[in-house]
S.K.: 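Here's a structure for you.
Indexing begins at 1, ligand by ligand and atom by atom, following the structure's order.
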Amino acid sequence: MRVLVTGGAGFLGSHMCRALLGRGHRVLAMDNLLTGRMETIHDLLDHRDFAFRKWDVSLPYEVEADVIFNMASAASPRKYQIDPVHTMRTNVMGADHALRVAQTCGAVMIQASTSEVYGDPDCHPQPETCLGQIDPASPRACYTEGKRAAETLCFDYQRKHSTRVKVARLFNTYGPAMAIDDGRVVSNFLVAALRSAPLTLHGDGAQTRSFCYVSDTVAAMLALMESGDAQTGPYNIGNPGEISMRDLAEKIRDLTGSQSPLVNEPPVTDDPQRRCPDISRAEADLNWAPRVSLEDGLRHTLEDIRTRLAKLEGQGTGS
Ligand code: NAD
Ligand code: UDP
């Protein structure tokens with residue numbers, strides 16, 4: 001099939017491109033390189049079934065495709081808040097443009113939504129029926145409300161135009177190829193531990209997340225692509241193993257053998273306090289469940305970050 005991956009030079013998008021090529025599909029990665037890097041896909045550039053187009057998805061585009069993975073959007077809170085207006089446009093207009101292409105080609109549009117649609121949830125763990133609690137005026141809302149509006153557009157296109165849509169609500173995913181300066185917690189802690197720098201906890205570190213290794217998330221996205229049109233979701237995709245940020249910091253310190261201190265910084269605005277997916281819907285409909293333990297996933301991610309840091313620091317550009 002001809003597959004468009006928007007955000008294809010990002011962390012998750014690059015893994016998706018590689019997995020799709022591995023299954024014999026033709027892949028077009030579209031990315032404006034805002035948080036993505038050509039380095040994540042450099043090994044794919046010579047592949048005969050791979051093409052890259054530099055484009056900002058908040059602007060309309062035309063593509064022939066059978067499947068669209070709409071993954072373009074900065075995902076790190078630190079990054080998506082730099083230009084919140086652009087983040088909102090990317091998520092809302094980017095979804096609209098992808099849906100138009102899907103409608104025109106009869107393609108299926110698979111939306112990379114997020115657990116952030118639950119905000120600071122009042123139900124725990126979160127099933128897809130949890131409606132979420134979000135302040136639309138929050139500095140996080142450019143992303144959370146952008147993703148919520150994108151889901152609304154998906155289901156409105158389906159109701160109004162019979163467009164084929166599928167929505168995956170991804171919970172925190174981590175793994176090799178995360179940018180060194182991404183700003184999300186796993187890469188921040190690994191990089192700090194390797195540099196013997198402090199691991200900074202926002203607030204008291206009691207807040208929790210549930211981390212899913214990238215190969216498990218990719219497997220779920222592929223299962224969703226291969227599912228029937230009735231499987232529209234939304235589907236929670238994540239690993240239900242829940243951990244506090246303090247315990248994560250300690251685990252990473254143990255894993256790296258680092259002596260880095262843990263330091264507390266002021267909490268960030270509207271930081272969700274608990275996050276854990278109920279994945280029973282995805283397990284039942286997609287016959288999918290995560291397989292990689294946090295320990296194994298962190299070990300793979302550590303090796304990747306260690307190698308890239310050594311290269312960077314060898315070049316004298318240790319950032
Ligand atoms: P990432 O920042 O590594 O990748 C995002 C990619 O989108 C980058 O390559 C970036 O350059 C590109 N992009 C951003 N704005 C764009 C625009 N206007 N036009 C074209 N390209 C643009 O983040 P990621 O973790 O790989 O996330 C990928 C997708 O998955 C995002 O949509 C994100 O919201 C979603 N998601 C990720 C996670 C996670 O934990 N990794 C969790 C939930 C949802
Ligand atoms: N966090 C932290 N230190 C860091 C980066 C993040 O304590 O260096 C916290 C952050 O406040 C949040 C959790 O770790 O409670 C996960 O943050 P991340 O940015 O990875 O993703 P989020 O789930 O908030 O989008």
S.K.: Regarding D43 and R18, does a basic nitrogen lie under 4.0 Å from an acidic carboxylate oxygen?
M.R.: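 Salt bridge present between D43 and R18.
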S.K.: If we only count N/O pairs under 3.5 Å, is V185 in contact with ligand 2?
M.R.: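 Between V185 and ligand 2, an N or O pair is found under 3.5 Å apart.
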S.K.: Does even one non-hydrogen atom of G94 get within less than 4.0 Å of ligand 1?
M.R.: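 Contact absent.
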S.K.: Are any of the side-chain nitrogens in D96 or R100 under 4.0 Å away from the carboxylate oxygens of its partner?
M.R.: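 The answer is yes: the pair qualifies as a salt bridge.
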S.K.: So which heavy atom in the protein is nearest atom 15 (O) of ligand 2, and how far is it from that ligand atom?
M.R.: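 For atom 15 (O) of ligand 2, the nearest protein heavy atom comes out as D271 OD2, 2.7 Å.
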S.K.: Does an N or O from T35, backbone or side chain, lie closer than 3.5 Å to an N or O of ligand 1?
M.R.: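 There is such a contact, yes.
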S.K.: Tell me which part of T200 gets within contact of ligand 2: side chain, backbone, both or neither, using heavy atoms under 4.0 Å.
M.R.: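 Within the 4.0 Å criterion, T200 contacts ligand 2 through backbone and side-chain atoms alike.
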S.K.: When you measure from atom 21 (O) of ligand 2 to every protein heavy atom, which one gives the shortest distance, and what is it?
M.R.: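 Looking only at protein heavy atoms, the one closest to atom 21 (O) of ligand 2 is N172 ND2, 3.5 Å.
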S.K.: Is there a polar contact between ligand 1 and M30, counting only N or O atoms under 3.5 Å apart?
M.R.: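 The answer is no, given that M30 and ligand 1 share no N or O pair closer than 3.5 Å.
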S.K.: Of the backbone atoms (N, CA, C, O) and the side-chain heavy atoms from C-beta on, which set of R184 has a member under 4.0 Å from an atom of ligand 1: side chain, backbone, both, or neither?
M.R.: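 Within the 4.0 Å criterion, R184 contacts ligand 1 through side-chain atoms alone.
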S.K.: Any idea which part of A74 is under 4.0 Å from ligand 1, heavy-atom wise: side chain, backbone, both or neither?
M.R.: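 It is the backbone that gets close, since no side chain atom is under 4.0 Å.
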S.K.: So which heavy atom on C212 is nearest to which on N239, and how close?
M.R.: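 Closest approach of C212 to N239, heavy atoms only: CB-N, 3.7 Å.
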S.K.: With only distance considered, is N70 within less than 3.5 Å of ligand 1 through an N or O on each side?
M.R.: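 No: no nitrogen or oxygen of N70 is under 3.5 Å from one in ligand 1.
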S.K.: Assign the ring pair Y143 / Y80 to parallel, tilted or perpendicular, where the plane angle (0 to 90°) is split at 30° and 60°.
M.R.: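 Geometry flag for Y80 against Y143: parallel rings.
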S.K.: Ignoring angles and geometry beyond distance, decide whether S58 reaches within less than 3.5 Å of ligand 1 through its nitrogen or oxygen atoms.
M.R.: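 N/O-N/O distance below 3.5 Å does not exist for this pair.
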S.K.: Do the side chain of K147 and the main chain of A112 share a donor and acceptor less than 3.5 angstrom apart?
M.R.: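 Yes, the answer is positive, given that a donor and an acceptor are paired below the 3.5 Å cut-off.
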S.K.: Would you please determine whether R140 falls within less than 4.0 Å of ligand 2 on a heavy-atom basis?
M.R.: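 Contact present.
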S.K.: Is the closest N or O pair between Q207 and ligand 2 shorter than 3.5 Å?
M.R.: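 Checking ligand 2 against Q207, an N or O pair does fall under 3.5 Å apart.
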S.K.: Heavy atom of S113 under 4.0 Å from ligand 1?
M.R.: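 Flag set, S113 near ligand 1.
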S.K.: Heavy-atom distances under 4.0 Å decide this one: backbone, side chain, both or neither, for L199 against ligand 2?
M.R.: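 The answer is neither; L199 stays 4.0 Å or more away.
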S.K.: Look at atom CD of Q259 and say whether more than 12 heavy atoms of other residues, nucleotides or ligands are closer to it than 6.0 Å.
M.R.: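 Check fails, neighbour count at 12 or below.
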S.K.: Would you check whether T173 has a nitrogen or oxygen atom less than 3.5 angstrom from a nitrogen or oxygen atom of ligand 1?
M.R.: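 Among all N and O atoms of T173, at least one is under 3.5 Å from an N or O of ligand 1.
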S.K.: Can a salt bridge be assigned to the pair D181 and K79 using a cut-off of 4.0 Å between side-chain N and carboxylate O?
M.R.: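 Yes.
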S.K.: Go through the structure and list residues passing side chain to side chain contact (heavy atoms under 4.5 Å, CB included) with A223, not counting sequence neighbours.
M.R.: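 If we apply the side chain to side chain contact (heavy atoms under 4.5 Å, CB included) test to A223, skipping adjacent residues, the hits are L286.
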S.K.: Does ligand 1 have an atom that lies less than 4.0 angstrom from a heavy atom of K147?
M.R.: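 K147 counts as a contact of ligand 1 under the 4.0 Å cut-off.
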S.K.: Would you check if the side chain of H42 reaches a backbone N or O of M38 as a donor-acceptor pair within less than 3.5 Å?
M.R.: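 Checking the backbone N and O of M38 against the side chain of H42, no donor-acceptor pair under 3.5 Å is found.
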S.K.: Output the list of atoms in ligand 2 that are nearer than 4.0 Å to some heavy atom of N188, sorted by atom number.
M.R.: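 This gives 4 (C), 5 (C), 8 (O) as the contact atoms.
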S.K.: Given Y143, F11, F69, identify the one with the heavy atom nearest to atom 36 (N) of ligand 1.
M.R.: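 Nearest heavy atom to atom 36 (N) of ligand 1 lies in Y143.
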S.K.: Under 3.5 Å between some N or O of ligand 2 and some N or O of H202?
M.R.: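 Yes: some nitrogen or oxygen of H202 is under 3.5 Å from one in ligand 2.
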S.K.: Check whether E128 reaches the backbone of N236 with its side chain - one donor and one acceptor, N or O, closer than 3.5 Å.
M.R.: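 Answer holds: yes.
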S.K.: Examine distances only and state if a side-chain atom of D66 and a backbone atom of A107 form a donor-acceptor pair shorter than 3.5 Å.
M.R.: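 Pair absent, no side-chain N/O of D66 close to backbone of A107.
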S.K.: Hey, is Q273 touching ligand 2 through its side chain, its backbone, both or neither, going by heavy atoms under 4.0 Å?
M.R.: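 Looking at Q273 and ligand 2, no heavy atom falls under 4.0 Å.
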S.K.: Show which atoms of ligand 2 fall inside a sub-4.0 Å distance from at least one heavy-atom site of L201.
M.R.: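 Ligand 2 atoms under the 4.0 Å threshold to L201: 7 (O).
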S.K.: Would D31 count as a contact of ligand 1 if the rule is a heavy atom under 4.0 Å away?
M.R.: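 Under 4.0 Å: yes for D31.
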S.K.: When you measure from atom 23 (O) of ligand 2 to every protein heavy atom, which one gives the shortest distance, and what is it?
M.R.: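 Here the closest protein heavy atom is R209 NE, 2.6 Å.
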S.K.: Of the side chain and backbone of R78, name the one, both, or neither that has a heavy atom under 4.0 Å from an atom of ligand 2.
M.R.: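 Under 4.0 Å from ligand 2, R78 contributes no heavy atoms.
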S.K.: Give a yes or no on whether the backbone of D271 and the side-chain of Q273 come within a donor-acceptor separation of less than 3.5 Å.
M.R.: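 Yes, Q273 side chain to D271 backbone: donor-acceptor pair under 3.5 Å.
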S.K.: For ligand 1, is there an atom lying under 4.0 Å from some heavy atom of W55?
M.R.: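 Distance cut 4.0 Å: W55 passes for ligand 1.
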S.K.: Between V92 and A149, what is the shortest heavy-atom contact and its length?
M.R.: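 Looking at all heavy atoms of both residues, the shortest contact is CG2-CB, 3.9 Å.
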S.K.: Out of S73, G7, G36, whose heavy atom is nearest to atom 5 (C) of ligand 1?
M.R.: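 Of the listed residues, S73 has the closest heavy atom.
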S.K.: Which donor-acceptor pairs under 3.5 Å do side chains of residues 275-284 form with protein atoms, sequence neighbours excluded?
M.R.:
{"unit_1": "R275", "atom_1": "NH1", "unit_2": "S115", "atom_2": "OG", "d": "3.2"}
{"unit_1": "R275", "atom_1": "NH1", "unit_2": "E116", "atom_2": "OE2", "d": "3.4"}
{"unit_1": "R275", "atom_1": "NH2", "unit_2": "G119", "atom_2": "O", "d": "2.7"}
{"unit_1": "D278", "atom_1": "OD1", "unit_2": "S280", "atom_2": "N", "d": "2.9"}
{"unit_1": "D278", "atom_1": "OD1", "unit_2": "S280", "atom_2": "OG", "d": "2.5"}
{"unit_1": "R281", "atom_1": "NH1", "unit_2": "P234", "atom_2": "O", "d": "2.7"}

S.K.: Yes or no: does M178 have any heavy atom under 4.0 Å from an atom of ligand 1?
M.R.: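 In this structure, M178 fails to qualify as a contact of ligand 1 - no heavy atom is under 4.0 Å.
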S.K.: So does G205 get a backbone contact from the side chain of Q207, meaning a donor-acceptor N/O pair under 3.5 Å?
M.R.: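 Yes.
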S.K.: Closer than 4.0 angstrom: is that true for some heavy atom of E265 and an atom of ligand 2?
M.R.: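 No; E265 lies far enough from ligand 2 that no heavy-atom distance drops under 4.0 Å.
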S.K.: Against ligand 1, does R37 come closer than 4.0 Å with any heavy atom?
M.R.: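 Flag not set, R37 not near ligand 1.
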S.K.: Between L33 and ligand 1, find which residue part has any heavy-atom pair under 4.0 Å and reply side chain, backbone, both or neither.
M.R.: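 For L33, the contact with ligand 1 is made by the backbone alone.
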S.K.: Any atom of ligand 2 sitting under 4.0 Å from a heavy atom of P77?
M.R.: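 The answer is yes, since P77 has a heavy atom less than 4.0 Å from ligand 2.
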S.K.: Show your working on side-chain contact (heavy atoms from CB on, under 4.5 Å) between F155 and V167 and close with a plain yes or no.
M.R.: CA-CA 9 Å; F155 293 111; V167 173; 3.7 Å; yes
S.K.: Do M16 and V218 make a side-chain contact, defined as non-hydrogen atoms from C-beta onward lying under 4.5 Å apart?
M.R.: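 Of all side-chain heavy-atom pairs linking V218 with M16, at least one is under 4.5 Å.
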S.K.: What protein heavy atom is closest to atom 13 (C) of ligand 2, reported as residue, atom name and distance in Å?
M.R.: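 Of the protein heavy atoms, M245 SD, 3.7 Å lies nearest.
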